[in-house]
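Data first, discussion second: the structure below is written as structure tokens.
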Amino acid sequence: MNYESLVCDVNTVGTAATMYSGSRSVVADSFTGGFRLREVRNGVNIQTFDINEGTNYSGAVDFVDNNNNWTIAEHNNAQQDQAALDAHWGSEMVLDYFRINHNRNSIDDNGLRIINYVHYSNGWPNAQWDSGNEVMRYGDGDVDYSPLTSLDIIAHEIGHGIDQHTSDLIYQNQSGAIDESLSDIWGAVVEFWTDPSKSTWEIGEEIGGPLRSMNNPSSLTYNLTGTTSPYPDTYSGTGYYTGSLDNGGVHINSSVMNFWFFLLSEGGTGTNDNGDCYSINGIGINDAADIVYRAEVNYLVSSSTFVNARNAMIQSAIDLFGANSPQVASTTNAWYAVGVGNRYVNPVNGSDFLCSSNFYSLINIPAGTSVSWSVSPTYLFSGGTSGSGATANLSPSSTLSSGQATLTYTIGTGCNSYTVQRQFWVGRVTPYIVGPYEMAYNTVENFYVEGAPHMGITGYNWSVYPSGFEWIGNQGTNGITLTINTPGEYSLSVDLTNPCGVRGNEIPVYVYDPWSMFMIYPNPASDIMTISKKSTLSSKQVDTTPFEISLYDNRGRQLVAPRPGSEQVQLDVSNLKNGFYFVHILYKGKLIRNQIKVER
């Protein structure tokens with residue numbers, strides 16, 4: 001026996017002839033006047049009161065039975081007191097579900113008492129979680145609806161209380177639609193957990209509804225503005241409401257996430273309002289509910305949108321079942337089916353580097369699904385470069401194979417066909433050195449190797465031959481600075497290391513003396529003097545790098561302004577007096593000074 005001082009006296013098991021769920025075992029409080037619908041259940045108070053068609057909670061009284069056998073004859077009366085039995089028993093079931101399946105201690109996870117007010121107002125066709133007072137109130141319905149105390153509605157309203165104490169979603173627009181959907185989901189889940197024979201995927205079907213259909217939302221319609229529209233099953237699809245009524249369509253657009261939950265639980269195929277084909281493998285309502293509960297408690301926030309809800313559910317599925325689990329695939333694809341986000345991309349198991357024969361396998365493919373594959377570019381491979389099935393056995397064409405490859409899987413057929421690609425690197429990396437093939441001695445030039453992270457390069461070893469005349473800066477990286485102090489012909493090489501091994505390459509580098517690069521003739525000169533480049537050793541052709549020529553006297557006065565040239569420049573010195581002058585040559589950032597003589 002459990003006791004609660006001042007609230008109830010003794011928990012006593014009785015029998016209740018409920019309005020919607022038949023004869024059920026309930027716990028009532030034995031007190032001096034008989035039995036009343038109060039109990040302490042695992043430390044949580046459940047109390048169900050008769051508010052007698054009023055709205056003032058202080059006027060509520062107990063429902064009382066003389067022997068704790070709450071019969072139809074006694075309580076199926078003109079006041080429809082039988083509805084109170086559903087409210088009380090339903091609260092027990094909701095409390096038990098969350099305690100047993102999610103280790104949740106009542107609405108606030110801290111033992112908050114559950115209070116039900118039945119017969120709220122006069123002819124009120126509604127049920128509601130009163131967030132300010134944290135109680136439930138249930139109307140008796142009207143000409144269209146009977147009392148709103150069916151099990152799914154009880155769970156729906158308590159679900160609003162749980163949301164208030166977890167994600168606390170703003171009751172407007174998308175966040176409000178998510179709030180409503182969560183309550184519908186808990187209505188379906190608790191109903192299935194308690195009595196699988198009921199119509200799990202319809203909300204309020206026992207009170208004269210259904211009010212909403214989770215498995216076929218568009219089979220029902222709504223009319224807010226004089227126009228009848230189907231409940232939407234696709235985000236921004238047919239029937240999706242964007243106006244301001246119903247707090248921005250919270251009861252209407254909730255059907256989008258409702259349909260997502262149905263597909264996640266039961267699976268399904270079809271084409272949504274965006275023209276996207278989908279095929280989902282159901283994971284069962286229990287695993288789906290675990291995903292939703294974790295998302296609601298840990299990831300959803302007050303301003304969450306459908307996109308945020310998608311991300312929250314996927315992360316919850318990852319937390320519970322693993323990143324590459326079938327549950328994650330179905331969670332993602334169910335959101336894709338209702339128009340939120342992309343379809344699930346199946347991972348491909350296999351190395352990022354193909355050094356020798358190896359297998360690549362597509363995972364999370366349902367049995368019986370058509371799968372084919374191909375790999376490109378084909379010249380990198382020997383043996384098969386296409387095939388069927390989720391596993392591809394690939395081999396490099398030779399030890400010299402080097403390059404990025406793409407493995408493409410085609411999954412499914414027809415409308416449900418889609419592709420998944422996996423890129424990887426084949427073989428060692430052949431270096432391609434970028435930098436000048438000529439450089440002046442005692443100058444600094446930059447050289448680097450073109451590369452990318454997907455090549456997996458882990459080591460760079462630069463060297464110069466003949467050695468002993470060089471200085472290499474930033475050794476061990478993809479880009480170096482190089483200085484060579486003696487003119488001549490050299491080779492610059494680099495060895496690259498990646499997971500497949502080491503491969504090197506080299507380029508020639510000609511190191512020249514810029515002061516010996518130009519010929520000045522005749523010298524002495526009397527009228528025309530020519531300044532031209534010599535042929536370089538690296539190309540055996542005339543260097544066409546631009547340069548500038550200017551002329552100064554021996555007192556530093558400029559006599560000829562800078563004159564550009566590429567191969568040669570001629571100076572007319574016929575108007576100069578006999579004597580010595582200086583030619584300034586600006587070439588590759590260096591100033592070269594040569595003395596000339598004018599003589600007649």
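Heads up: numbering here begins at 1 and tracks the sequence.
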Quiz prompt | salt bridge (charged side-chain N to carboxylate O under 4.0 Å, His left out) involving Arg503 - partner list, sequence neighbours excluded | solution = none
Quiz item: Excluding sequence neighbours, so at least two apart, what forms side-chain contact (heavy atoms from CB on, under 4.5 Å) with Phe192?
Solution: Pro196, Thr200, Ile285
Self-check item: Set of side-chain contact (heavy atoms from CB on, under 4.5 Å) partners for Glu202, sequence neighbours left out
Solution: Ser199, Glu205, Pro210
Exercise. Starting at OH of Tyr460, measure out to CD1 of Ile480 and round the result to the nearest 0.5 Å.
Key: 12.5 Å
Self-check item: Under the side-chain hydrogen bond (donor to acceptor under 3.5 Å, both in side chains) test, residues paired with Ser197 that sit two or more places apart
Solution: Asp195
Quiz item: How would you list, by chain and number, every residue that makes a salt bridge (charged side-chain N to carboxylate O under 4.0 Å, His left out) with Glu470, sequence neighbours excluded?
Solution: none
Exercise. Would you kindly say whether Ser463 and Ser493 are connected by a side-chain donor-acceptor distance under 3.5 Å?
Key: yes
Practice problem: Could you note down all residue pairs passing disulfide (SG to SG under 2.5 Å) where residues 444-474 supplies at least one of them, sequence neighbours left out? | Solution: none
Quiz item: Sequence neighbours excluded, which residues qualify as side-chain contact (heavy atoms from CB on, under 4.5 Å) partners of Asn333?
Solution: Ile280, Arg343, Tyr344
Return all side-chain donor-acceptor pairs below 3.5 angstrom for residues 247-254, not counting sequence neighbours, or 'none' if the list is empty.
unit_1 : atom_1 : unit_2 : atom_2 : d
Asn247 : ND2    : Tyr171 : O      : 2.8
His251 : ND1    : Asp246 : OD1    : 2.8
His251 : NE2    : Tyr171 : OH     : 3.4
His251 : NE2    : Glu180 : OE2    : 3.2
Asn253 : OD1    : Tyr241 : N      : 2.9
Asn253 : ND2    : Tyr241 : O      : 2.8
Ser254 : OG     : Val250 : O      : 3.4
Ser254 : OG     : His251 : O      : 3.1

Quiz item: Is it the case that more than 12 heavy atoms not belonging to Asn103 sit under 6.0 Å from its CG atom?
Solution: no
Quiz item: Can you name the side-chain hydrogen bond (donor to acceptor under 3.5 Å, both in side chains) partners of Ser218, sequence neighbours left out?
Solution: none
Practice problem: List in chain and number order the residues that pass salt bridge (charged side-chain N to carboxylate O under 4.0 Å, His left out) with Glu92, two or more places apart in sequence or in another chain; answer none if no residue qualifies. | Solution: Arg41
Practice problem: Kindly state each residue pair satisfying disulfide (SG to SG under 2.5 Å) with at least one member in residues 375-427, sequence neighbours excluded. | Solution: Cys277-Cys415
Practice problem: Could you pull out all residues at least two apart from Gln315 that satisfy side-chain contact (heavy atoms from CB on, under 4.5 Å)? | Solution: Tyr299, Ile318, Asp319
